[in-house]
2 protein chains.
Amino acid sequence: MSDEFCSCDIVHENVIEMVRKKMPQEEKLYDLAELFKVFGDTTRVKIISALFEAEMCVCDIAELLHMTPSSISHQLRVLRQARLVKHRKEGKVVFYSLDDEHIKTIFNQSLEHILEPRGFEYAIS
Amino acid sequence: MSDEFCSCDIVHENVIEMVRKKMPQEEKLYDLAELFKVFGDTTRVKIISALFEAEMCVCDIAELLHMTPSSISHQLRVLRQARLVKHRKEGKVVFYSLDDEHIKTIFNQSLEHILEPRGFEYAIS
DNA sequence: TGCTCATATGAACAATTACTCATATATTAA
DNA sequence: TTAATATATGAGTAATTGTTCATATGAGCA
């Protein structure tokens, strides 16, 4: 190959070509990582978990998580931009709720991975 | 309440208490965010996508993604620690493959979210 | 109009992190 | 053993990001 990024001799070109053809577009994989970045923060995971149970206003969430309304508002902005939550205004109060059916599946599957029993290397003899 | 984090008057205490009782343990939500952090990087998403198609060695992945074997190795370490990939040694070559059935579901659901049509506010009039 | 409350947002700072580079380990072959 | 190859890893650096603080917006009420 002309532009080598790997100096190894044993490169399985046929496998690489097959995989390259089958893989999703670069742009979609980028968007996928961006979505996971949104999920990859404890505060946002907590907010989403809370909204699974009920619609809540900014102050409710702040009180629930023992955080400032400002930081919650910042995080809700990120969740809004990722189209994961929707909001409803009632006077001064803004109520947030989840805006995606996929999130629950994603979270459940991920929880299953976390709760999975470890391999034998961790087992008690 | 004694320890107020939110100075708002309109706090829905009953909702907060209900949600607090129903939410998963703090530790599990932390682990969940940690898992999503692992998914939240373009390089790692690409590696996982590649491994969906075939088992590959470090140099194969490096070549496929046009990156150095060193950086790939660093990322594979992260994926190993999250128990998402397993490895198999064959002489000097180390082959990596996926080690979790949940990943595919998580990725598919997430792709569906990304590919979802946008709301009317983006529609062409 | 003014005042207060609920939320949003910009700037700044601290912490995290992905890559590069140099080096270490491990396997094979001479 | 010595050399070469495939992979792993530690340190350093640049870029990203979550929170705090100050301030802005905007709705309801006196």
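A note on names: the letters A, B, ... follow the listed sequences, proteins ahead of strands, and every chain is numbered from 1. All figures in this text were calculated on a predicted structure; none of them were measured in a lab.
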For nucleotides 4-7 of chain D, tabulate all protein N/O to nucleotide N/O atom pairs closer than 3.5 Å, reporting atom names and distance.
from	atom 1	to	atom 2	distance (Å)
D:dA6	OP1	A:Asp9	N	2.8
D:dA6	OP1	A:Ile10	N	3.0
D:dA6	OP2	A:Asp9	N	3.2
D:dT7	OP1	B:Val58	N	3.4
D:dT7	OP1	B:Val94	N	3.3
D:dT7	OP2	B:Cys59	N	3.1

Using a cut-off of strictly less than 4.0 Å, decide whether B:Lys89 has a side-chain nitrogen or oxygen near OP1 or OP2 of C:dT27. yes

Check whether any side-chain N or O of B:Thr68 sits under 4.0 Å from OP1 or OP2 of C:dT20, and answer yes or no. yes

Is A:Arg77 close enough to C:dA8 that one of its side-chain N or O atoms is under 4.0 Å from OP1 or OP2 there? no

Between D:dT17 (P) and A:Gln81 (CD): distance, integer Å: 12 Å

May I ask you to decide whether B:Glu90 forms a salt bridge with B:Arg88, counting only side-chain N to carboxylate O separations under 4.0 Å? yes

Taking the side chain as every heavy atom from C-beta outward, state whether A:Ile103 and A:Phe39 have any pair of such atoms under 4.5 Å apart. yes

Carboxylate-amine/guanidinium proximity below 4.0 Å for B:Lys46 and A:Glu26: yes

If only atom types and distance count, is the side chain of A:Ser110 paired as donor or acceptor with the main-chain N or O of A:Ile106 below 3.5 Å? yes

If the condition is disulfide bond (SG atoms under 2.5 Å apart), which residues does B:Cys59 pass it with, not counting sequence neighbours? A:Cys8

Connected hydrophobic set around B:Val93, excluding itself, where side chains approach under 4.5 Å: A:Ile10, B:Phe95

Mind checking what makes ring-ring contact (aromatic ring centres under 6.0 Å, His included) contact with B:Tyr96, not counting sequence neighbours? B:His87

Can you tell me how far C1' of C:dC5 sits from NE2 of B:His12, to the nearest Å? 14 Å

To the nearest angstrom, the CD1-C1' distance between B:Ile72 and D:dT9 comes to 15 Å

Can you find an N or O donor on one side and an acceptor on the other, under 3.5 Å apart, linking the side chain of A:Ser70 with the base of D:dC21? yes

Can you check the A:His66 NE2 to D:dT20 C1' distance for me, whole Å? 19 Å

DNA chain D: 5'-proximal contact among A:Gly91 and B:His87 (nearest heavy atom): B:His87

Any heavy-atom pair between the side chains of B:Phe36 and A:Val38 that's under 4.5 Å? no

Centroid distance under 5.5 Å and plane angle under 30°, A:His74 vs C:dT9: yes

Using side chain to side chain contact (heavy atoms under 4.5 Å, CB included) as the criterion, list what pairs up with A:Glu34, not counting sequence neighbours. A:Tyr30, A:Lys37

Give me the distances for all protein-to-nucleotides 16-18 of chain C N/O pairs that come in under 3.5 Å?
from	atom 1	to	atom 2	distance (Å)
C:dA18	OP1	B:Arg44	NH2	3.2
C:dA18	OP2	B:Arg44	NH1	3.1

I want to confirm an ordering. Mapping B:Ser71 and A:Leu76 to their closest nucleotides on DNA chain C, which one lands closer to the 5' end? A:Leu76

